[in-house]
Amino acid sequence: MSATPLVTVITGASRGIGAATARRLAQDHNGRKTTQTKTDLNPLVIVLTYASNQQAAEAVAADVRTFGVDAHIVQANVADAGQVKDVFSVADNVGQLSALVNNAGVVGLIKPFADYSVERIAETVNVNLTGSLLCALEAVNRMQTDRGGAGGAIVNVSSRAASFGSPNEFVDYAATKGGIDSFTIGLATEVADKGIRVNAVRPGLIDTDIHAAAGAPNRVQELADRIPMKRGGTPDEIAASIAWLLSDEASYVTGALLDVGGGR
Ligand code: NAP
């Protein structure tokens, strides 16, 4: 009898850190295939979500498949509870959910708080904070051992902004990441004896498209000097941390907020 496929859901995996994480998890799984016998390694399926960039999501899925890992893409706004349910229905159809990476996130234009619109605040909170909670809600209901699940791991993508507050830039964004940190600690404690580990990575300045959305496409280069390592990070460097937190190597790690910021 063939082993049940284990499913990892990664939100916002069409670009940046989410895309790098999908590729990294597929690569790691492929590596394990060479060291373990086929019978003791469950196949991995990655469900990748995106907001609007279907072509980019398809390209990431194609990269994942080159490592012999199945991939499905789903368009979903994580702030919409119905669309989030659809994502997890796709996961249910292809195997048993064992991991969630709550990565999808948005940031508004850099400006003083007094100039924010109500719509901007709502969008930032709904996507970054509510979206992560909605996805985690679907995940724990499938993974908790006291609800018929087989356990699993969740990684929430927070930010070093949670500590700094991002004054004069995007305090709304920083506040959502502070919320993610509290949520990580609380949920981790709640489900620690129910087979689920919950951790967060807190990236510093990482070279992705998100800075263009904030109106500062060259932000990483411009601010690199403020970072002790004198450079921005790469999506691959965050993906490596996420992959470790999801892996059995981190089997006794839960409720951790892992700073990956080049010393800042
Ligand atoms: P990115 O390159 O801008 O990619 C964002 C991803 O999220 C894309 O896949 C996008 O899909 C998706 N997305 C956007 N809005 C969404 C929504 N409403 N519902 C579902 N998906 C949505 O961002 P990134 O830099 O990789 O950031 C990933 C995570 O890392 C975010 O949580 C961010 O806050 C965090 N982070 C980033 C940095 C950094 O310096 N880059 C630092 C700290 C933390 P489409 O491609 O379809 O638009």
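Model, not experiment: these values are computed from the prediction. Note that ligands are numbered from 1 as they come in the structure, with each ligand's atoms numbered from 1 the same way.
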Test log, rule side-chain contact (heavy atoms from CB on, under 4.5 Å), inputs Asp80 and Val84: CA-CA 6 Å; Asp80 181 310; Val84 166; 5.9 Å; no

State plainly whether the residues Arg32 and Asp28 are in salt-bridge range, i.e. N to O under 4.0 Å. no

Residues that Arg160 engages under side chain to side chain donor-acceptor pair (under 3.5 Å), provided they are two or more places apart: Ser163, Asp259

Pocket residues around ligand 1 (non-hydrogen, under 4.0 Å) come out as Gly12, Ala13, Ser14, Arg15, Gly16, Ile17, Tyr50, Ala51, Ser52, Asn53, Ala76, Asn77, Val78, Asn103, Ala104, Gly105, Val106, Val127, Val157, Ser158, Ser159, Tyr173, Lys177, Pro203, Gly204, Leu205, Ile206, Thr208, Asp209, Ile210, His211

Could you walk me through whether Asp172 and Thr124 pass side-chain hydrogen bond (donor to acceptor under 3.5 Å, both in side chains), step by step? CA-CA 7 Å; Asp172 52 348; Thr124 306; 3.3 Å; yes

When you check the side-chain N and O atoms of Thr184 and Asn156, is any donor under 3.5 Å from an acceptor? yes

Indicate yes or no: at least one non-hydrogen side-chain atom of Phe164 is less than 4.5 angstrom from one of Arg264. yes

